[in-house]
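Working notes, beginning with the structure itself.
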Amino acid sequence: MNQALKLSDRIQFLPVIHGSGSFAREIRHQLLSLPCDCLAVALPPEFKQTVEEGINILPNISLSCQIEQDGGMNYVPIDPSQPVIMGLRVAMQEGIPRHFIDWSTENYEKRSVDFPDSFALSKMSYEKFVSTLLLTQKRPKEKSQHFWRARWMAYQLHQLEMDYSNIVFICSILDWPWIKEAFDERLEVSPPQKAEGLPALQGVDKQTLFFALTELPYVTYLYEKKRQELRPDNNAPVDGVKEILLRARELFIKKHKVRYHNLTSQTFQILLQYLRNLTLMESRLLPDLYTLVNTAKQFGGDPFAIAVLEAAREYPFEPTANLPETLSLGIDQALQDEEGAKPVNMKNRLSETHFEWRTLNLKPEPDTKSQEKWQHHWDPHGQCSWPPEDEKIENLNTHVREQTKLLLSHDLARTEKFTSSVKDGIDIRDTLRHWYTGDIYVKEIPPSRGQVEIIVFLFDPEPEPNKYNWCQTWYAEHNEESTLCFYATQYMDDLIGPGIGQATYGGCMMIYPPRPIPDIWQDPRIRFSETLEERLLEAAFFHSKEKHVTVIAPCAPKLAWRRLAKRYGKKIIHIPLKRFSNQTIEKVRRFHVLNGKNIRSYAQRFIQDL
């Protein structure tokens, strides 16, 4: 250990940055490797009982709160990622005596300093890191609270030195040089100001753990989980970001019932590279919550960004201790769990890092009360589509028609021996087949015969009637749209705004050029099918004026589908669904129903892109 961290032959300094998980791991390592018969920490003695009670109920998060003269509170968060808490936890497990030697005060004065990212400890020594920060330390103001704190702690260390031979002292890196100065010069001290009330242990609402923990709640959970499983946690901060993204993907898929998505491993690789670059641009080594959620928004839209936020907020440990009071925390404020309670100001004794709060615009999901209100005001006689989604599905329809024409023309392709023109290209297969002759064969693809009028998309080839219980036929608003028949989920079960419902196609049939047809779900002439997808296909075979009907499905055409096609004298042209990207499929599958054309004027405020 560096001599700069030696206060005397009996006292060893361990200066820390409060709220750093990297320093917490370093403190654990140092305490388990150094000889120690006494641990001193920079907390007032009145906090000892409640802080140690809170440590005993970890991984449940609690606060040791002390009421100040103005009605506010200063508190010590019992956070396993706090270096001071980690030191006390190790000392309690090892049976090492603990002493709280800070200066008691009636009103605690907070400090806010810009520190470098402590994740650098993973690549450089602890002594080098803390010694480098010495150059940036400012002397506390004369006669200020922190001025007297440093002198009082130096005095207390002189007292402990008479009883113990191997004392380890954990303090803030901001106090370290001034405690050493006061210890060496034996400067005068001021007696502590005893507060009137003793600290009380209080719980924290799980939804507001962001404001109590130094690391993200889910990363703190990973620390504790690895501790329980006796696994190393050196890479927990980096692994935690990846775990949050994977957990967010699970929440996103479950919440939005997404079957096809672009949140693949390849997408995550690009996302993490982009996240790294943004983090470095902000002069950090690890991303903060804002950077993480902002990156998720740019890759997966608002819904995925909200899922990342929810995943980062999760702390899966179930509470096992019944604390008398629970606080809902905010930015330097808290609200007690009582009717009519008013917010109180909060000061965190173990937070000295300067934070900058930034806003990020996200469209939240509507609550149940709002959805019930929108259902009550829905007009059953008004229904229309959202034009940008019409454009997406029509573009896909046009693309599929062009692909179908290519397939039809390839069926008519002829191969002949090369003479004077390569025509439509060399036929590699026939050229290799006649390799022994030395001849080259070329192919000629004539123009396709006939057109494709009807295209059927089967996104879910085995639909459940209970899931896709909304079957409808929509007619074109103008000549550039198709006549659309589909089965989908019930839009009234997922209202996202006033007069705006969201549904998901199970399958759809598109007729272009558009023409009016009877509702296929009520037409008695369509009588040979039993399931939803068979009825959609039978309607396509029944109404098609062309011989070919294109079917886009994830599986090959089933025998029942081919029988229906033969009954009506039609042929199926099958295009696998996997030819299209997951993102394209999901964007087309999910659509919105508006309660009248007047809703289109503000629908953009509520409709989110996945």
Side-chain angles (χ1 to χ4, degrees), residues 18-25 27-28 49-65 75-93 199-252 254-255 286 288-289 292-293 306-330 334-337 346 348 350-351:
H18 289 314
S20 167
S22 299
F23 268 94
R25 291 193 302 276
I27 289 298
R28 181 186 61 198
Q49 180 180 351
T50 50
V51 167
E52 293 189 348
E53 286 177 4
I55 292 174
N56 285 328
I57 62 173
L58 284 173
N60 293 325
I61 306 300
S62 56
L63 308 177
S64 177
C65 301
Y75 68 95
V76 176
I78 315 303
D79 173 5
S81 296
Q82 283 280 3
V84 171
I85 301 301
M86 176 61 79
L88 289 169
R89 195 176 189 184
V90 172
M92 291 169 67
Q93 291 174 351
L201 198 62
Q202 300 190 359
V204 185
D205 183 6
K206 289 189 73 172
Q207 300 298 319
T208 62
L209 281 175
F210 271 139
F211 305 99
L213 300 176
T214 55
E215 302 281 355
L216 298 177
Y218 198 76
V219 175
T220 304
Y221 158 73
L222 293 177
Y223 275 129
E224 285 296 291
K225 186 179 177 184
K226 290 187 176 184
R227 175 190 175 88
Q228 292 176 357
E229 297 173 353
L230 301 178
R231 293 164 54 199
D233 57 3
N234 296 334
N235 293 322
V238 176
D239 293 341
V241 173
K242 300 174 184 176
E243 292 282 352
I244 286 172
L245 291 174
L246 294 175
R247 176 60 181 155
R249 182 172 65 180
E250 291 178 16
L251 294 174
F252 173 78
K254 182 179 179 181
K255 185 174 185 178
L286 285 177
D288 56 8
L289 183 62
L292 182 59
V293 175
I306 292 172
V308 169
L309 196 60
E310 291 175 351
R313 188 175 63 181
E314 279 189 352
Y315 191 70
F317 288 118
E318 292 297 328
T320 56
N322 295 321
L323 298 173
E325 291 186 18
T326 300
L327 297 177
S328 296
L329 296 180
L335 189 66
Q336 293 182 339
D337 191 14
M346 301 290 286
N348 188 346
L350 299 184
S351 176

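Heavy-atom basis, side chains included; hydrogens, waters and symmetry copies ignored. None of the values given here were measured: they were computed from a predicted structure.
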**Item:** Met86 side, atom CE; Leu58 side, atom CG - distance, nearest 0.5 Å
**Value:** 9.5 Å
**Request:** Starting at CD1 of Ile61, measure out to CD1 of Ile78 and round the result to the nearest 0.5 Å.
**Result:** 9.0 Å
**Request:** Compute the centroid of each ring, for Tyr315 and then for Tyr218, and state whether the two points are separated by less than 6.0 Å.
**Result:** no
**Asked** Looking at side-chain heavy atoms only, is the closest gap between Val76 and Leu63 below 4.5 Å?
**Response** no
**Asked** Considering all heavy atoms of both residues, which atom of Pro237 and which atom of Arg25 are nearest to each other, and what is their separation?
**Response** CG-NH1, 3.8 Å
**Asked** Using 4.0 Å as the upper bound for N to carboxylate O, is an ion pair formed by Glu229 and Lys226?
**Response** no
**Message:** Run the side chain to side chain contact (heavy atoms under 4.5 Å, CB included) test on Ile85 and Val51 for me, step by step, so that the C-alpha distance in whole Å, both residues' side-chain angles and the decisive distance to 0.1 Å come before the verdict.
**Reply:** CA-CA 8 Å; Ile85 301 301; Val51 167; 4.1 Å; yes
**Prompt:** For Thr214, what residues pass the side chain to side chain contact (heavy atoms under 4.5 Å, CB included) criterion, not counting sequence neighbours?
**Reply:** Asp79, Ser81, Gln82
**Request:** Go through the structure and list residues passing side chain to side chain contact (heavy atoms under 4.5 Å, CB included) with Glu53, not counting sequence neighbours.
**Result:** Gln49, Leu201
**Asked** Ala311 and Ala248: which non-hydrogen atoms are nearest, and at how many Å?
**Response** CB-N, 3.8 Å
**Prompt:** Is Phe210 close to Leu329 at the side-chain level, that is, under 4.5 Å between some pair of heavy atoms?
**Reply:** no
**Side chains of Leu286 and Val238 in contact at under 4.5 Å (non-hydrogen atoms)** = yes
**Message:** Do Leu350 and Pro77 have side chains that approach each other closer than 4.5 Å (heavy atoms only, starting at C-beta)?
**Reply:** yes
**Message:** Tell me whether Asp233 is salt-bridged to Arg28, with the criterion being a basic N under 4.0 Å from an acidic carboxylate O.
**Reply:** yes
**From Arg231 atom CZ to Leu222 atom CG, the distance as rounded to the nearest 0.5 Å** = 9.0 Å
**Prompt:** Would Leu251 and Glu314 satisfy side chain to side chain contact (heavy atoms under 4.5 Å, CB included), going step by step from the backbone distance to the final call?
**Reply:** CA-CA 11 Å; Leu251 294 174; Glu314 279 189 352; 3.9 Å; yes
**Prompt:** So Leu245 and Lys242, side chain to side chain contact (heavy atoms under 4.5 Å, CB included) or not? Walk me through it.
**Reply:** CA-CA 5 Å; Leu245 291 174; Lys242 300 174 184 176; 5.7 Å; no
**Prompt:** Heavy-atom distance under 4.5 Å between the side chains of Tyr223 and Pro80, does that happen here?
**Reply:** no
**Item:** Check: Asn348 main-chain N/O paired with Ser351 side-chain donor or acceptor under 3.5 Å
**Value:** no
**Lys/Arg N to Asp/Glu carboxylate O, Glu310 vs Lys206, below 4.0 Å** = no
**Request:** First locate atom CG of Leu216, then atom CG of Asp288, and finally report the distance between them rounded to the nearest 0.5 Å.
**Result:** 9.0 Å
**Item:** For Glu243, salt bridge (Lys or Arg N to Asp or Glu O under 4.0 Å) partners two or more places apart
**Value:** none
**Asked** Can you name the closest pair of heavy atoms from Leu289 and Ala312 and give their distance?
**Response** CD1-CB, 3.9 Å
**Message:** In the structure I gave you, are the side-chain heavy atoms of Cys65 and Leu327 within less than 4.5 Å of one another anywhere?
**Reply:** yes
**Inter-residue atom distance Tyr75.OH - Thr50.OG1, 0.5 Å rounding** = 14.0 Å
**Heavy-atom pair with the smallest gap, counting every atom of Ser62 and Gly54** = OG-CA, 3.7 Å
**Message:** Contact between Glu250 and Lys255 at the side-chain level, heavy atoms closer than 4.5 Å - yes or no?
**Reply:** no
**Complete:** Heavy atoms of Glu224 and Pro59 approach each other most closely as OE1-CB, 3.7 Å
**Request:** Using a 4.5 Å cut-off on heavy atoms from C-beta on, say whether the side chain of Arg313 contacts that of Ile244.
**Result:** no
**Item:** Steps toward side chain to side chain contact (heavy atoms under 4.5 Å, CB included) verdict (Glu318, Asn60)
**Value:** CA-CA 8 Å; Glu318 292 297 328; Asn60 293 325; over 6 Å; no
**Message:** How close do Ala334 and Met346 get, counting heavy atoms only, and between which atoms?
**Reply:** CB-CG, 3.5 Å
